[in-house]
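See below for the structure under consideration.
Treat the numbers as computed from the prediction; the structure is a model and nothing was measured. Read the numbers this way: they start at 1 and go in the same order the structure lists the ligands and their atoms.
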Amino acid sequence: MDDQDLYQECIDFASRAHKDQNVPGKDYPYITHVSNVAMEIIFAHTRLKINDFSLALQCALLHDTIEDTDVDSKTIEAKFGKNVMLGVNALTKDANLPKSERMMDSLERILKLSPEIGMVKMADRITNLQPPPGHWSSEKISTYKEESRLIYEKLKHCHAFLAERLMNKIEKYPG
Ligand code: NI
C-alpha cells in the first residue's frame, strides 16, 4: 500500500479512537497532536532518510491509541501487523508501574526495537515541548525538561535530525 493510503487508514483509525478527547488544556481535538507527530516524522524523512518509513509513520499516527483509548494491542496487530503493534506497545507507558519509573521502562522497551520507534518517541516529545500550561508549577516544568533530556540521551542515535530538533526545543523550554 502507498504510504499516503496507509496514512489515511491510520489517521481514520486514530481519529475514531481519540474522538472524544481534546489536546490537554486546549479546545481542539486530540488528533491534532497525533498528526503533528506524524508531520515531524515526514519532515525528518525528507531531511535524513528513514529506513522503514511506513513503520515510523504508522506508529506515529497510532502511538497514543493503546495508552489513551480502549484500543488494545490485539486490534492493532490484526489491522496493522506485528511490528506496528510492538512499536505502539513500547510507546505505551505501563500504568501498573510507579509514575516515576514509567518513562524509563518505556524507553528500555523502545530501545529493544528498531530505531524508527525511537524516532516516534522523539517526534512526540518535540511536539509536546510547547509553552507549559499556566497551572504547571516550576517543579513540574523542570521535571518535564529533565525527562526530555533523558529521552534525548537515550534516543539521539535513532535519527540525527530529530535529535537536533529535540535538543533545540529543550534548550528553548523554560526551567
Ligand atoms: Ni503523544
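Considering just the N/O/S atoms of Asp64, the one nearest the Ni ion (ligand 1) carries the name OD2. Shortest distance from the Ni ion (ligand 1) to His63 is reached at NE2 (N/O/S atoms only). Restricting Asp124 to its N, O or S atoms, the one at the least distance from the Ni ion (ligand 1) is OD1.
A ring-centre distance under 6.0 Å is not found for Phe43 and Phe161. For His33 and His63, the ring centers sit closer than 6.0 Å to each other.
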Walk me through it: do Glu147 and Arg125 pass the test salt bridge (Lys or Arg N to Asp or Glu O under 4.0 Å)? CA-CA 10 Å; Glu147 189 183 75; Arg125 187 49 61 110; 2.6 Å; yes
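We find that Arg16 and Asp12 are not joined by a salt bridge, their nearest charged nitrogen and carboxylate oxygen being 4.0 Å or further apart.
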